[in-house]
Amino acid sequence: MRAYLLSRLAQTALVVFLSLTAVFFLVRLSGDPVLLFLPMDIQAKDVNEFRQRLGFNDPLPVQYARFVSGAVRGDFGESLRYRRDALRLVLERLPATLELGVTALLLTFCLAIPVGIFSATRRGSLFDYVGMGAAVLGQAIPGFWLGLMLIYFFSVRLGWLPTGGIGGPAHFVMPCVVLASFYAARIARLTRSSVLDTLNEEYVLTARAKGLAEWIVIGKHTLKNSAIPIVTLAGLETGQLLGGAVITETIFAWPGLGRLTVQALQNRDFPVVLAAVFVISVTYTLINLAVDLLYGWLDPRTRREVAV
Amino acid sequence: MSGAALRRNGLGFLGLTLAALAVLAALAAPVLAPHDPVKADLSQGLKPPGSPGHPLGTDQLGRDTLSRVLYGARVALFIGLCTVLLTAIVGGILGLLAGFFGGWPGQALMRLCDVQLSFPFILLALTINAIVGLGLRNISISLAAAGWVADARVVRGEVLSVKQRDYVQAAAALGTGRARILFRHVLPNVAPSIIIVASLQFSQFIVAEAAISFLGFGVQPPTPAWGSMLSESRDFLYIAWWLAAFPGAALALTALGVNLVGDWLRDVLDPKFRV
């Protein structure tokens with residue numbers, strides 16, 4: 001188990017390192033990187049001065065070595081806009097994103113899994129049709145449009161909720177609903193199909209034949225066995241929540257990592273972009289690692305494969 | 001036909017109808033649109049839906065919303081189609097080669113996929129787009145660069161399994177050349193998976209393009225793209241709801257139609273994937 005964990009952590013480090021390298025070279029392949037780092041309306045002589053100061057006149061291997069040695073120490077340079085350490089700036093925004101993400105995730109699970117289970121156990125009922133219809137719609141409606149429409153109804157027309165920013169519980173409502181909508185739809189559909197598959201298994205038939213109460217058949221024999229595909233998708237989706245946060249945070253002016261990243265891209269603040277790429281890929285791979293470890297608990301059959 | 005099959009076909013039909021409407025809007029936009037989608041007329045600014053000559057109202061510059069939504073279908077479907085073709089070709093070829101020949105290049109390719117999958121799709125496409133630049137062509141390239149991994153992985157997995165089938169083994173035993181096995185025996189059996197992945201990715205690309213344009217990258221004004229229309233509508237949400245409502249509804253209905261067609265295709269082509 002420990003060997004497995006160590007090898008996975010090493011893999012994580014490799015993944016993070018490679019994605020940083022990719023961004024580093026992408027920035028330099030796309031032409032004169034100085035132009036990316038600077039505002040568009042800058043004077044020619046200033047460009048040269050900046051190029052010298054940011055070290056872009058050095059040969060590429062030297063630049064890369066400097067970048068790597070900095071990145072290893074968590075030094076991505078100074079934000080060109082805020083004149084502060086880029087990594088610290090990114091880390092300061094991380095809690096707001098995690099707060100929003102965790103709340104949206106809880107909302108997703110509280111909504112999607114019961115809906116999926118009820119739809120499966122009452123297959124063909126009105127509940128099934130309405131629930132799955134809503135899920136198909138939820139998958140198709142783009143989050144940023146849903147966000148705009150919610151703001152229009154609940155903030156502009158009704159005045160019930162704040163349009164954006166961070167504050168009390170009321171500020172959480174719309175961003176969470178928007179962030180959760182897409183994932184809840186997918187997880188509800190997958191829960192339904194996974195529970196339906198499990199209900200056809202022989203051990204469920206056996207449990208029923210033994211005369212167990214229906215809630216025990218579902219609660220004890222079906223749910224744990226249906227959980228693996230759901231955990232897989234939930235794990236993948238949890239990472240994608242970080243992507244969804246980019247859009248949700250921008251619409252609702254939520255001071256998180258996603259909004260900072262978009263602003264950094266808009267301002268051509270590439271030290272911040274690199275730091276954000278670093279933090280996001282670390283977070284994402286750690287989430288996936290946690291999901292993999294969960295499998296072993298859910299399905300002992302996978303433990304052996306894990307050990308190899 | 002069972003109830004489930006009927007419902008699936010019903011949803012497939014709904015999807016086909018919605019998708020056909022989007023295609024019709026895109027193809028016939030010059031005929032259907034009552035006005036030039038980019039021509040401003042400040043005297044007609046911010047008219048609500050139902051105004052004479054402007055059934056869906058006008059924006060802050062007096063441009064006709066209906067015309068812009070219709071032309072927006074062109075931009076959305078064009079980008080979706082180009083990106084899907086690009087990802088299917090690039091991802092398909094790489095996956096085919098990685099699966100068929102294996103060895104260290106195949107392994108390296110799969111590790112590359114792992115790395116790329118360790119980053120959220122939309123953020124990756126956004127970052128690439130911010131670096132390579134804006135406009136129709138670059139947004140398509142950015143989305144494809146972020147999306148080819150799915151095709152490569154699925155195709156490689158399929159090739160690995162098809163390679164073990166008896167008819168491929170038999171062809172190899174008969175001394176058939178590798179190129180012939182690849183194109184005559186493996187490729188036709190992998191094609192359905194490519195079609196399924198492509199149809200499921202199509203709406204993902206359309207929505208991602210709109211999201212990226214919404215954030216101010218991707219397609220730039222005055223090109224009538226749904227995402228950039230939504231982006232502009234934010235400033236007028238308090239006084240002109242229709243500027244946000246109609247382009248978004250067009251986007252959602254198109255995505256819904258394409259999703260349903262994708263689900264239906266998956267059921268028809270490959271029962272294995274059935275949800």
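Each chain gets a letter, A, B and so on, in the order its sequence line appears, and its residues count up from 1.
Ranked by non-hydrogen atom pairs under 4.5 Å with chain A, the options B:V207, B:L237, B:I122 are led by B:L237. Of the listed residues A:V277, A:V136, A:I247, the one with more heavy-atom pairs under 4.5 angstrom with chain B than any other is A:V277.
Contact annotation: the side chain of A:F144 approaches that of B:L251 to within less than 4.5 Å [non-hydrogen atoms, C-beta and beyond]. A 4.5 Å side-chain heavy-atom check between A:T250 and B:R234 finds at least one atom pair inside the cut-off.
For B:T254, no part lies under 4.5 angstrom from a heavy atom of chain A. With a 4.5 Å cut-off on non-hydrogen atoms, A:V262 touches chain B through its backbone and its side chain both. At a 4.5 Å heavy-atom cutoff, B:L124 makes no contact with chain A through either its backbone or its side chain. Contact annotation for B:F214: only side-chain heavy atoms (C-beta onward) come within less than 4.5 Å of a heavy atom of chain A. If you measure heavy-atom distances from A:I251 to chain B, the contacts under 4.5 Å come from both the backbone and the side chain. Contacts of A:V16 with chain B are absent, with no heavy-atom separation under 4.5 Å from either backbone or side chain.
Without hydrogens or angle criteria, A:W145 side chain to B:A244 main chain gives a donor-acceptor distance under 3.5 Å. A donor-acceptor contact shorter than 3.5 Å links the side chain of A:Q266 to the backbone of B:L215.
Distance check, rounded to the nearest 0.5 Å: CG of B:L123 to CG of A:L265 gives 7.5 Å.
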Between A:F270 and B:I131, is a side-chain contact (heavy atoms from CB on, under 4.5 Å) present by the stated rule, with each step listed? CA-CA 10 Å; A:F270 273 83; B:I131 293 170; 3.7 Å; yes

Evaluate the criterion side-chain contact (heavy atoms from CB on, under 4.5 Å) for residue pair A:R189 and B:D263; output intermediate values, then yes/no. CA-CA 12 Å; A:R189 290 183 81 185; B:D263 285 352; 3.0 Å; yes

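B:A255 and A:A140 get closest at one heavy-atom pair: CB-O, 3.6 Å.
Within a 6.0 Å radius of CZ in B:F78, other residues, nucleotides and ligands contribute 12 heavy atoms or fewer. Atom CZ of A:F127 is surrounded by more than 12 heavy atoms from other residues, nucleotides or ligands within 6.0 Å.
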